[in-house]
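Before any comments, here is the structure.
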Protein chains: 2
Amino acid sequence: MTQTSRQDVIDAAGRLFAKRGYHGTSMRKLGKELGLVGSSLYSHVGSKEELLVEVVRHGAALFEGSVDKARAGGGDGASQLRNLITGHLDVVLDNRDAASTYLNEASVLDADHRNQVRAERNRYEQAFRDVYDLGAKDGSLPLSADSKLAAIFTLSVLNAVPRWYRPLGPLDRNDLAEAIFSFVTR
Amino acid sequence: MTQTSRQDVIDAAGRLFAKRGYHGTSMRKLGKELGLVGSSLYSHVGSKEELLVEVVRHGAALFEGSVDKARAGGGDGASQLRNLITGHLDVVLDNRDAASTYLNEASVLDADHRNQVRAERNRYEQAFRDVYDLGAKDGSLPLSADSKLAAIFTLSVLNAVPRWYRPLGPLDRNDLAEAIFSFVTR
DNA sequence: CCTACCGATCGGTAGG
DNA sequence: CCTACCGATCGGTAGG
């Protein structure tokens with residue numbers, strides 16, 4: 001790499017925030033990750049906090065894009081749920097750092113950005129809930145006692161994936177999606 | 001409180017580690033939480049790291065106690081799974097701070113303690129897996145395609161509970177246990 | 001349990 | 001993008 005871009009800095013920040021946490025990452029360590037001295041980062045970014053905002057924003061956008069695509073695809077409740085699940089797995093496995101930072105480090109943000117994340121998560125959860133309701137109505141999914149709980153439990157399973165799943169090994173991404181789908185609908 | 005005990009310090013550390021994370025908690029803030037100056041904590045504890053070790057050890061012991069009790073209770077697979085679930089919820093809801101620190105901050109530990117936690121978690125997961133296998137054999141649970149995945153997914157749901165569940169509100173602890181049991185076995 | 005302090009490290013700025 | 005630096009804060013110690 002000949003030059004370092006603002007995006008390079010944000011990506012590296014995502015890597016370290018995901019691995020060590022926001023408070024466990026210093027600007028000097030982040031600089032070292034890029035072959036720079038810490039203070040050089042301030043020509044690309046105004047503050048450490050701004051980096052967290054950018055990484056979290058990126059994570060949020062990825063999840064939002066995924067849910068929009070899944071809902072736009074149409075189909076019955078079961079197939080939309082399947083799309084939500086595979087879309088979520090794609091986000092979480094192709095963008096592990098931004099996704100993990102979004103999921104784990106948002107609590108460090110100031111109240112304003114934290115509330116934005118909370119709202120975004122609620123919309124995301126609502127999409128799962130809507131799809132469970134749709135599937136119950138159209139008969140493609142078993143009726144669950146409470147679609148809100150079904151949504152929370154499904155997201156609990158999905159969000160934990162980066163904590164244990166490693167793409168090598170016997171279980172590939174499609175197997176995993178299928179296993180989750182059948183676990184949450186069976 | 002007239003005097004501060006070592007246990008008081010560990011408890012307060014659990015509270016702050018759970019809320020702000022290990023790296024987000026300074027010894028001075030921890031002192032303030034107890035009405036002390038930061039340096040006074042060193043008459044109760046050798047280092048900040050030692051506090052994390054103690055909190056995590058406590059969390060691990062609680063989960064271990066819970067699983068031992070559930071397995072000792074006997075019964076068929078379904079009833080042992082029910083006991084594992086209610087036991088886990090009891091730990092996580094009655095000891096939120098130690099449980100959350102155990103679940104979220106163990107990555108900060110040195111390699112040795114981190115490996116201990118990993119081993120303990122594997123044993124814990126294995127207990128869930130064994131119970132799923134037992135239930136499949138004795139007919140009390142539907143056979144799942146893969147008991148290891150069933151264990152991971154169930155623990156994903158359980159471990160996420162402190163992130164969203166608030167004991168006030170319409171859903172009490174028994175409702176929650178029942179909802180989770182039926183979600184993971186239905 | 002506090003005061004007084006240590007060296008190290010933190011986020012960030014000035015100036016080039 | 002680096003050097004040189006700022007005040008603040010960090011984990012921790014000595015001594016009482």
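Lettering of chains follows the sequences in order, A, B, ..., and the numbering in each one begins at 1. Quick caveat, the model's predicted, so the values are computed rather than measured. Reckoned from all heavy atoms, side chains included, excluding hydrogens, waters and symmetry mates.
Taking all atoms of both residues into account, the shortest heavy-atom contact from His44(A) to Thr4(A) is NE2-O, 2.8 Å.
The shortest distance between side-chain heavy atoms of Phe17(A) and Val108(A) does not fall below 4.5 Å. His58(B) places none of its side-chain heavy atoms less than 4.5 Å from the side chain of Ile10(B).
Nucleotides of DNA chain D nearest to Gly38(A) and Glu49(B) differ in position, and the one nearer the 5' end is that of Gly38(A). Where Val37(A) and Arg28(A) each meet DNA chain D at their nearest nucleotide, the meeting point lying more 5' is that of Val37(A).
Aromatic ring centres of Tyr124(A) and Phe128(A) lie closer together than 6.0 Å.
Tyr165(B) contributes a side-chain N or O that, together with a main-chain N or O of Leu171(B), makes up a donor-acceptor pair within less than 3.5 Å. Counting only distance, with no hydrogens or angles, the side chain of Arg20(B) and the backbone of Thr25(B) share no donor-acceptor pair below 3.5 Å.
Using cut-offs of 30° and 60° on the angle between ring planes, the pair Phe183(B) and Phe183(A) is perpendicular.
Within 4.0 Å (heavy atoms only), Ser47(A) reaches sugar-phosphate atoms of the nucleic acid but no base atom. Contacts of Ser40(B) with the nucleic acid, taken as non-hydrogen atoms under 4.0 Å apart, include base atoms. Ser26(B) comes within 4.0 angstrom of the backbone, heavy atoms only, and of no base. Looking at heavy-atom distances under 4.0 Å, His23(B) makes no contact with the nucleic acid at all.
Bracketed by its first and final contacts, the part of DNA chain D lying under 4.0 Å from non-hydrogen atoms of chain B reaches from dC10(D) to dT13(D) in 5' to 3' order.
With Glu178(A) as the partner, the salt bridge (Lys or Arg N to Asp or Glu O under 4.0 Å) test is satisfied by one option alone out of Arg173(A), Arg82(A), Arg186(A): Arg82(A).
When base pairs are accepted only as Watson-Crick or G-U wobble with both N-N or N-O distances under 3.5 Å, DNA chain C takes part in stems of 3 or more pairs at C:1-16 with D:1-16.
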